[in-house]
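Beneath this line is the structure, given in structure tokens, with notes to follow.
No experiment lies behind these values; they were computed from the predicted model shown. Starting from 1, each residue takes its place in the sequence as its number.
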Amino acid sequence: TVSRDSSLTVTTTSGGTVPAPLGDFTLVNDSTNPVTVTGVTAGQTVTVSGTGTTLVQDPAGNLTVNNNGTGTVTVNGLNTGSKLTVKGSSPTTINNPDGSLSVDNTGTGLVTVSGDLAGDTLTIDGTGSGPVAINNTGSTAVTVASVNDGQTITASGSGPTTIHNPDGSL
């Protein structure tokens with residue numbers, strides 16, 4: 001049996017790979033080199049603070065990223081059908097998701113979705129006021145659904161982006 005309290009904090013100043021502990025945790029990343037977090041499981045909350053760049057590699061299922069640091073948190077390889085809840089005031093990037101996904105944006109930082117999004121549906125929900133950037137490098141359209149009223153969406157990349165059924169003015 002492995003147990004821990006709810007205030008588990010991992011601190012790094014040298015970069016490298018950090019295996020995710022069981023349950024929710026905080027990563028204080030003050031490294032000038034990127035830190036890669038592996039083994040994040042469905043339902044976990046990863047809270048990040050500090051100045052460093054953090055990569056959450058191939059998480060399993062839905063998760064929450066609360067980026068309170070000044071560095072970018074990148075979630076790479078999010079599973080098809082997963083939901084990423086984004087909190088905090090700093091940037092979060094979803095890179096090369098495996099397929100369609102949902103983003104519950106409750107933060108104020110920039111959320112970027114990037115990669116070959118061809119044929120995928122990106123559903124954006126939540127109460128967050130942070131802008132969303134879509135960089136579709138695929139050859140067919142990504143569909144962005146349920147965008148919040150007043151949300152700012154920036155589309156780039158070689159592939160088209162379709163915004164479907166926004167909740168109000170964009």
Problem set entry | Thr93 side chain to Asn95 backbone, donor-acceptor under 3.5 Å | no

For this session: Please round to the nearest 0.5 Å and tell me the distance separating atom CD1 of Ile94 and atom CG of Asn135.
Result: 13.0 Å

Seminar exercise, completed: In this structure, OG1 of Thr85 is separated from CG of Asn62 (nearest 0.5 Å) by 7.5 Å

Seminar exercise, completed: All heavy atoms of Ala118 vs all of Ser139, minimum pair found to be CB-N, 4.0 Å

Exercise. Which is it for Leu122 and Leu117 under the side chain to side chain contact (heavy atoms under 4.5 Å, CB included) test, yes or no, and what are the steps along the way?
Worked result: CA-CA 9 Å; Leu122 171 62; Leu117 308 172; 5.7 Å; no

Problem set entry | Joint hydrophobic cluster, Leu110 plus Val65, side-chain heavy atoms closer than 4.5 Å | no

Problem set entry | Audit row: Leu101, Asp120, side chain to side chain contact (heavy atoms under 4.5 Å, CB included) steps and yes/no | CA-CA 8 Å; Leu101 65 123; Asp120 294 341; over 6 Å; no

Exercise. Which distance, rounded to the nearest 0.5 Å, do you find between the CG of Asn67 and the OG1 of Thr72?
Worked result: 7.0 Å

Exercise. Is the closest side-chain heavy-atom distance between Thr112 and Pro91 below 4.5 Å?
Worked result: no

For this session: Report the distance from atom CG of Leu84 to atom CG of Asn79, rounding to the nearest 0.5 Å.
Result: 12.0 Å

Problem set entry | Spacing of NZ belonging to Lys87 relative to OG1 belonging to Thr92, to within rounding of 0.5 Å | 12.0 Å

Problem set entry | Check against side chain to side chain contact (heavy atoms under 4.5 Å, CB included), Phe25 and Val37 | CA-CA 11 Å; Phe25 67 98; Val37 180; 3.8 Å; yes

Problem set entry | Side-chain (Asn136) to main-chain (Pro160) donor-acceptor, under 3.5 angstrom | yes

For this session: State, to 0.1 Å, how close Asn68 and Ser90 come at their nearest heavy-atom pair, and which atoms those are.
Result: C-OG, 4.3 Å

Problem set entry | Worked check of side chain to side chain contact (heavy atoms under 4.5 Å, CB included) between Leu63 and Leu78 | CA-CA 9 Å; Leu63 74 143; Leu78 193 62; 3.6 Å; yes

Exercise. Do Thr26 side-chain atoms and Thr9 backbone N/O form a donor-acceptor pair below 3.5 Å?
Worked result: no

Exercise. Is the backbone of Gly115 close enough, under 3.5 Å, to the side chain of Thr137 for a donor and an acceptor to pair up by distance?
Worked result: yes

For this session: Say whether Val28 and Val73 are linked into one hydrophobic cluster, either directly or through other cluster members, by side-chain heavy-atom distances under 4.5 angstrom.
Result: no

Ignoring hydrogens and angles, write down the donor-acceptor pairs under 3.5 Å from the side chains of residues 40-57, residues two or more places apart or on other chains.
{"residue": "Thr41", "atom": "OG1", "partner": "Gln44", "partner atom": "OE1", "Å": "3.3"}
{"residue": "Gln44", "atom": "OE1", "partner": "Thr41", "partner atom": "N", "Å": "2.7"}
{"residue": "Gln44", "atom": "NE2", "partner": "Pro21", "partner atom": "O", "Å": "2.8"}
{"residue": "Gln44", "atom": "NE2", "partner": "Gly23", "partner atom": "O", "Å": "2.4"}
{"residue": "Thr54", "atom": "OG1", "partner": "Asn29", "partner atom": "ND2", "Å": "3.0"}
{"residue": "Gln57", "atom": "OE1", "partner": "Asn76", "partner atom": "ND2", "Å": "3.2"}

Exercise. Are the side chain of Thr80 and the backbone N or O of Asp98 linked by a donor-acceptor pair below 3.5 Å?
Worked result: yes

Problem set entry | For Ser31 against Gly15, the heavy-atom pair lying closest together | OG-N, 2.8 Å

Seminar exercise, completed: OG (Ser114) and CG (Asn96) are apart, to the nearest 0.5 Å, by 7.0 Å

